[in-house]
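Below: the structure, in structure tokens.
Position 1 is the first residue of the sequence, and the numbers go up from there. These numbers come from the heavy atoms of this one structure, side chains and all, not from hydrogens, waters or symmetry mates. Indexing begins at 1, ligand by ligand and atom by atom, following the structure's order.
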Amino acid sequence: MVRIKPSVLKKACQINPLLPLLLPECRTIEAAQQELRWIQNEVSDKKRVRQCCMLRARHYPLQYLLGSQPFGPLDVTCQPGVLIPRWETEEWTVSLAEKLPRDMAFDIMDLCTGTGCIPLLLKQMCPKCSVFAVDRSPLAYKLATRNSNTLQVPLKIIKKDILERSSEIVPRTVDLITCNPPYIPRTTFARETARSVKLFEPKLALLGNKEFYANLVDCWMSRTDAFVYEVGDLSQCYYVLNRVTGDVDLSRKWRIGFRHDSCGRPRIVYGFRASGSRLNWASILVKFGDMKH
Ligand SMILES: C[S@@+](CC[C@H](N)C(=O)[O-])C[C@H]1O[C@@H](n2cnc3c(N)ncnc32)[C@H](O)[C@@H]1O
């Protein structure tokens with residue numbers, strides 16, 4: 001990472017002596033000023049504002065300090081030990097929610113739910129749906145429950161390891177599965193992950209690779225009509241595509257697409273049954289991404 005020039009630090013200090021503490025994370029004076037305003041808005045006590053800035057200098061995440069993160073129309077409570085919702089996830093979740101039918105009752109299950117941000121937003125925007133949310137972390141389970149209660153968005157929250165026998169999680173099939181699994185491979189974690197994430201966000205939420213996409217094909221596709229899975233790179237999209245096209249039965253029954261985020265990075269692999277579903281997924285997901293199969 002490029003070091004901050006002494007001239008920038010000096011200029012920041014002249015504006016406000018707290019700004020240099022925010023520069024290591026914010027990088028520019030303008031971004032540091034914005035962040036200081038956010039902290040001052042949330043924290044009235046001057047001593048506490050300084051403490052927050054000192055924690056930021058040590059790369060402590062802003063959302064853990066302020067206690068929340070906007071996610072679409074919702075303000076989701078954040079706590080250490082549970083992944084902070086990302087803008088990339090918010091972007092596709094809002095786009096998906098806008099495409100789902102509002103006037104129909106159907107079932108959604110969000111796997112690896114963390115704060116519950118994805119199912120909370122889907123349920124908020126499609127109130128007739130029944131929405132399940134699953135996570136193996138006790139902290140995530142507690143926080144998703146708290147978010148569901150405080151936002152008054154009812155979810156059925158389940159504490160379970162999804163890589164274990166999936167049949168025991170919910171008693172039936174669902175119309176749609178969403179999932180943002182841990183997808184950063186160990187080999188790239190140390191090199192490519194931001195320091196604040198490496199130091200302060202839970203490894204359980206971050207480290208993973210093909211196992212969650214293998215689990216999708218092996219366990220979950222038989223129990224849903226459609227799925228939307230976040231990915232970290234194109235190899236994870238192609239893993240799912242190749243597993244489906246390499247299997248005569250799956251290949252005949254399923255359509256698969258990829259979606260990029262607004263920065264042009266691969267972000268989603270999604271799929272739906274070609275026929276026989278309660279909902280017309282081909283028309284719902286028609287402009288969600290690019291069909292590959
Ligand atoms: C990348 S985070 C996503 C959190 C949230 N959905 C979001 O988008 O902000 C992955 C989540 O998966 C959970 N997790 C990891 N392994 C799991 C497993 N085997 N079964 C269920 N949940 C798991 C972690 O606890 C974490 O909350």
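With a 4.0 Å cut-off on non-hydrogen atoms, Trp92 does not touch ligand 1 at all. Looking at Thr89 against ligand 1, only its side chain comes within 4.0 Å, counting heavy atoms. Looking at Cys117 against ligand 1, only its side chain comes within 4.0 Å, counting heavy atoms.
Of all protein heavy atoms, the one closest to atom 22 (N) of ligand 1 is Arg136 N, 3.2 Å. For atom 4 (C) of ligand 1, the nearest non-hydrogen atom of the protein is Cys112 O, 3.5 Å. For atom 19 (N) of ligand 1, the nearest non-hydrogen atom of the protein is Asp161 OD1, 2.7 Å. Annotation: atom 15 (C) of ligand 1 to nearest protein heavy atom, Leu204 O, 3.3 Å. At the top of the distance list for atom 16 (N) of ligand 1, counting protein heavy atoms only, stands Phe212 CZ, 3.6 Å. Summary of contacts: the protein heavy atom closest to atom 5 (C) of ligand 1 is Thr113 O, 3.3 Å.
At under 3.5 Å, not a single nitrogen or oxygen of Thr115, backbone or side chain, sits near a nitrogen or oxygen of ligand 1. Not one N or O of Ser137 is nearer than 3.5 Å to an N or O of ligand 1, by distance alone. Where the criterion is an N or O separation shorter than 3.5 Å, residue side chain and backbone included, Ile162 meets it with respect to ligand 1.
Taking 4.0 Å as the cut-off, Val134 does not count as a neighbour of ligand 1 on heavy-atom distance. Heavy-atom distances between Lys160 and ligand 1 reach below 4.0 Å in at least one pair. The closest approach between Tyr183 and ligand 1 stays at or above 4.0 Å for every heavy atom of the residue.
Looking at Trp281 and Asp225, their side chains never bring a donor and an acceptor atom within 3.5 Å of each other. For the residue pair Glu230 and Tyr183, a side-chain donor N or O sits within less than 3.5 Å of a side-chain acceptor on the partner. Checked by atom type, the side-chain pair Thr178/Asp110 shows a donor-acceptor distance below 3.5 Å. Glu91 and Ser262 are linked by a side-chain donor-acceptor pair at a separation below 3.5 angstrom, with hydrogens and angles left out of the test.
Asp218 pairs in a salt bridge (Lys or Arg N to Asp or Glu O under 4.0 Å) with only one of the listed residues (Arg223, Arg243, Lys210), which is Arg243. Screening Tyr239, Tyr238, Phe288 for a ring-ring contact (aromatic ring centres under 6.0 Å, His included) involving Phe258 leaves a single residue, Tyr238.
No side-chain heavy atom of Tyr270 sits under 4.5 Å from any side-chain heavy atom of Leu96.
In the vicinity of Ala205, heavy-atom distances shorter than 4.0 Å reach the ligand 1 atoms 1 (C), 2 (S), 10 (C), 24 (C), 26 (C). Residue Pro85 has at least one heavy-atom neighbour below 4.0 Å for each of these atoms of ligand 1: 9 (O).
To the nearest 0.5 Å, atoms CD1 (Ile184) and CG (Leu207) are separated by 7.0 Å.
A salt bridge links Glu201 with Arg86: at least one charged nitrogen is closer than 4.0 Å to a carboxylate oxygen.
Taking the six-membered ring where tryptophan is involved, the planes of Phe227 and Trp254 are tilted, since the angle between them lies from 30° to 60°.
Around atom 10 (C) of ligand 1, the closest heavy atom drawn from Ile118, Val76, Asn180, Thr178 belongs to Asn180. Taking only non-hydrogen atoms, the option from Val82, Asp135, Leu83, Leu206 nearest to atom 24 (C) of ligand 1 is Asp135.
The two residues Arg259 and Ser95 come nearest to each other via the heavy atoms NH1-OG, 3.1 Å. Considering all non-hydrogen atoms of both residues, Leu83 and Leu206 come closest at CD1-CD2, 3.4 Å.
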